[in-house]
Protein chains: 2
Amino acid sequence: MQKSVDPELACPVAPVVDIVFSRWTTPILWALHEFGRQRFVELERRLAGITPKVLTQRLRQLERDGLVSRTYHAEVPPRVEYEITDLGASLGPLFAHLSNWADAHLGEVEQARHSYDVGR
Amino acid sequence: MQKSVDPELACPVAPVVDIVFSRWTTPILWALHEFGRQRFVELERRLAGITPKVLTQRLRQLERDGLVSRTYHAEVPPRVEYEITDLGASLGPLFAHLSNWADAHLGEVEQARHSYDVGR
DNA sequence: CAGTATCCTTCCCGATACTG
DNA sequence: CAGTATCGGGAAGGATACTG
């Protein structure tokens, strides 16, 4: 029995979605893009509600995908800095586009939801 | 009970992500955008692997958000057609941008993953 | 500080069966 | 055809505690 992977293949944007739009990844990338190089604890505080476990998981994934770089400084106490890479920064225009769409159309979505919930 | 609030507020693209990049939504929107108005069973066949339950769930969500319209024809057998709305179609340029990014940079991601896995 | 380790819960999703 | 109902499994995510 082979699994069906057709939906992914049929949609050219699907592969990107897994990389960029997994949970917590956009806030992390945004924070690094906006506020520059940061330490682990800074990110942890900025992304209120995230646990260190999950933050580590996501940062590792982003590092593996080449969107974020990790720099370890062997000091006491240890210091680790995360920074967005050129590849990660290349998502900037895309995020801007997304943000523009939100500004332009999020109101319509809200309105549609309300109409739907009221009962059409 | 309440999910992410602060990280969403901090990141202007986060709200859009929940609407557009939930599971199965991009393949569905893509199919409707590419192949036009379709019946339930057509979508079901095109999105190989999806179950009717999940397809219904996603279509309802998309309908509620105003991205997809549902038209019921009281015939025997019943006929229901789904179509992308103007609001949904307004995502077209965004998807194109996403697709372009994939073409341009997906290779770099693959390369980064390989380097990472090898251990460098 | 920068994470790990462990446990636990929840939620999504797939499979299957059934209905108007 | 176009769904709904029900059940169950498994992975993501949260809470908490601990280490180099």
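Just the heavy atoms: all of them, side chains too, but no hydrogens, waters or symmetry mates, feed the values below. Chain letters run A, B, ... following the sequence lines, proteins first, then strands; residues in each count from 1.
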Quickly work out the [X] [atom1] to [N] [atom2] distance and round it to whole Å.
{"X": "B:Leu55", "N": "C:dC13", "atom1": "CG", "atom2": "P", "result": "12 Å"}
{"X": "B:Gln61", "N": "C:dC13", "atom1": "CD", "atom2": "C1'", "result": "14 Å"}
{"X": "B:Glu75", "N": "C:dG20", "atom1": "CD", "atom2": "C1'", "result": "15 Å"}
{"X": "A:Leu59", "N": "C:dG3", "atom1": "CG", "atom2": "C1'", "result": "11 Å"}
{"X": "B:Tyr82", "N": "D:dA2", "atom1": "OH", "atom2": "P", "result": "8 Å"}
{"X": "B:Arg39", "N": "D:dG3", "atom1": "CZ", "atom2": "P", "result": "10 Å"}
{"X": "A:Gln57", "N": "C:dA2", "atom1": "CD", "atom2": "C1'", "result": "15 Å"}

Out of [options], which nucleotide sits closest to the side chain of [X]?
{"X": "B:Val41", "options": "C:dG3, C:dG14, D:dC1", "answer": "D:dC1"}
{"X": "A:Val54", "options": "D:dC1, C:dA15, D:dG14", "answer": "D:dG14"}
{"X": "B:Pro78", "options": "D:dG14, D:dG20, D:dC1", "answer": "D:dC1"}
{"X": "B:Pro52", "options": "C:dA2, D:dG14, D:dG3", "answer": "D:dG3"}
{"X": "B:Arg58", "options": "C:dC13, D:dT4, D:dG14", "answer": "C:dC13"}
{"X": "A:Lys53", "options": "C:dA5, D:dC1, C:dG3", "answer": "C:dA5"}
{"X": "A:Arg70", "options": "C:dG3, D:dA15, D:dG3", "answer": "C:dG3"}
{"X": "B:Trp24", "options": "C:dG3, D:dG3, C:dG14", "answer": "C:dG14"}

Do [X] side-chain atoms and [Y] backbone N/O form a donor-acceptor pair below 3.5 Å?
{"X": "A:Thr25", "Y": "A:Val20", "answer": "yes"}
{"X": "A:Ser22", "Y": "A:Ile19", "answer": "no"}
{"X": "A:Glu42", "Y": "A:Arg39", "answer": "yes"}
{"X": "A:Ser90", "Y": "A:Leu87", "answer": "yes"}

- What class does the angle between the rings of A:Phe95 and A:Phe21 fall in, given that below 30° is parallel, 30 to 60° is tilted and above 60° is perpendicular?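 Ring orientation, 0 to 90° scale: parallel.
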- Message: How about CD on B:Gln111, more than 12 heavy atoms from neighbouring residues, nucleotides or ligands closer than 6.0 Å, or not?
- Response: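 Open: at most 12 neighbouring heavy atoms sit under 6.0 Å from CD of B:Gln111.
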- So what's the dot-bracket for DNA chain C: Watson-Crick or G-U pairs under 3.5 Å, [ ] if a pair crosses, | if it pairs off-strand? ||||||||||||||||||||
- Query: Can a cation-pi geometry be assigned to B:Arg46 and B:Phe35, taking NZ or CZ under 6.0 Å from the six-membered ring centre and within 45° of the ring axis?
  - Reply: yes
